[in-house]
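Step one of this worksheet: look at the structure below.
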2 protein chains.
Amino acid sequence: MSAGHTVVTTPARSAVIDEPVITCDTPQDECGVRDVLDRLGDRWSVYVIVELASGVKRFKQLQRAIPGAISQRMLTLTVRRLERDGLVKRTVYATVPPQVEYELTELGHSLTHLVKALADWSIAHRPAIAAAREEWDAENPDSSVR
Amino acid sequence: MSAGHTVVTTPARSAVIDEPVITCDTPQDECGVRDVLDRLGDRWSVYVIVELASGVKRFKQLQRAIPGAISQRMLTLTVRRLERDGLVKRTVYATVPPQVEYELTELGHSLTHLVKALADWSIAHRPAIAAAREEWDAENPDSSVR
DNA sequence: CTGCATCCTATCCGATACTG
DNA sequence: CAGTATCGGATAGGATGCAG
């Protein structure tokens, strides 16, 4: 009595291979990966790390060096957070006018390699990504996913 | 915040050795590093990449596997963007009910190593970061920087 | 099951003004 | 120069409802 529509059986479930990859079993603190990603996630932290990777810099120096014109407010917030996380060391000199120097800590430097690797990957694969985007956009003219 | 994929000049041949960290001389398009960071910056992309690193997964599988309870909306958006960037391949099966499989492309897999490295770093240094934060918070009881 | 559209909220971030 | 505080726009992201 059923209509003749074919119900396709779902194919075999993909067996979980072998790699736990990250082994995250604590949904609460989310494995702590967020601790880093949230930092790298904001707009400026990576640039600050990159700039400080080449040496000590003062506030204004930092601001000028960072591409995209970071506002004073955001630079302050960014360096404060990085300092709080122990990635950046802040040194205040009681001079007139005041002078504050920022530099990476040991911890901060250890992150530099990864950030650099990420940047290299980005640069190396940018053409591929750009091409993929153009192709996708061409095939999906009216998509809400930009 | 990604600028429209204009990909201008960018003479950054970037055959960088390992002295200059990122060699960014184009403030305009920000070296293209943003192209990647904007993806990694959002809350979920990294988790999707991590999950797909272990093999093909369906939509619902992905949603259940990701820690932190990603909403349906965000998972859809995230995988679409990754697909657009050529990092994820999407395969639709005309079954009832519908079934869609997601898997990393070659490009996506090449990013996996970096993402894993980042995750490893995060896990390894989480205690240090947590300690730094506690110390900082103790020394700055009434700070607006959380 | 997969996915889109809508509404609504939290947060990011820039602009601006003011202090030491 | 370095930093803080406030306002307001833009946007990421959750909840819900509906469609294929």
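Just so it is clear, the values below take in all heavy atoms, side chains as well, and ignore hydrogens, waters and symmetry mates.
Residue A:Arg90 places at least one side-chain N or O closer than 4.0 Å to OP1 or OP2 of D:dG3. Distances shown here put every side-chain N or O of A:Ser144 at or beyond 4.0 Å from the OP1 or OP2 atom of C:dC4.
Fit an axis to the five pairs at each end of the helix from C:dC1-D:dG20 to C:dG20-D:dC1 and the two axes sit 40° apart, to the nearest 10 degrees.
The same ILVMFWY cluster, assembled from side-chain heavy atoms under 4.5 Å apart, contains both A:Trp136 and B:Val92. The hydrophobic clustering, which links ILVMFWY residues whose side-chain heavy atoms are closer than 4.5 Å, places B:Val145 and A:Leu40 together.
Here D:dC1 is the nucleotide among D:dC1, C:dG3, C:dC1 with the atom lying nearest to any side-chain atom of A:Pro98. Set against C:dC1, D:dC1, C:dG3, the side chain of B:Arg80 has C:dG3 as its closest nucleotide.
Nucleic acid contact for A:Tyr102: sugar-phosphate only, since backbone atoms but no base atoms lie under 4.0 Å from a heavy atom of the residue. Among the atoms of the strands shown, none is found under 4.0 Å from any heavy atom of A:Thr95.
When rounded to the nearest whole Å, the span between CZ of B:Arg81 and C1' of C:dG3 equals 15 Å. C:dC12 atom P lies 15 Å from atom CG of A:Leu37, rounded to whole Å. Rounding to whole angstrom units, CD of residue A:Glu83 and P of D:dA2 are separated by 15 Å. The nearest whole Å value for the distance from the OH atom in B:Tyr47 to the C1' atom in D:dA12 is 17 Å. If you measure from atom CD of A:Gln63 to atom C1' of D:dC1, you get 11 Å, rounded to the nearest angstrom. Counting to the nearest Å, the P atom of D:dT11 and the CG atom of A:Asp42 are 17 Å from each other. Atom C1' of nucleotide C:dG14 and atom CD1 of A:Ile66 are separated by 15 Å, given to the nearest angstrom.
Here the closest heavy-atom approach between residue B:Asp42 and residue B:Arg39 is recorded as OD2-O, 3.1 Å. For B:Tyr102 against B:Arg58, the heavy-atom pair with the smallest separation is CD1-C, 4.5 Å.
For the segment residues 70-78 of chain A, the set of residues with a heavy atom within less than 4.0 Å of an atom of DNA chain D comprises A:Gln72, A:Arg73, A:Thr76, in numerical order.
Within the 3.5 Å criterion, the main-chain N or O of B:Gly108 finds a donor-acceptor partner in the side chain of B:Thr112. Within the 3.5 Å criterion, the main-chain N or O of A:Leu52 finds no donor-acceptor partner in the side chain of A:Glu103.
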Below 3.5 Å, can you tabulate the donor-acceptor pairs from side chains in residues 71-81 of chain B to any protein atom, sequence neighbours excluded?
residue : atom : partner : partner atom : Å
B:Ser71 : OG   : B:Met74 : N            : 3.3
B:Thr76 : OG1  : B:Gln72 : O            : 3.0
B:Thr78 : OG1  : B:Met74 : O            : 2.6

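Atom CH2 of B:Trp121 sits about 4.5 Å away from atom CG of A:Leu107, to the nearest 0.5 Å.
Looking at heavy atoms from C-beta onward, A:Val88 lies in side-chain contact with A:Leu104 at the 4.5 angstrom threshold.
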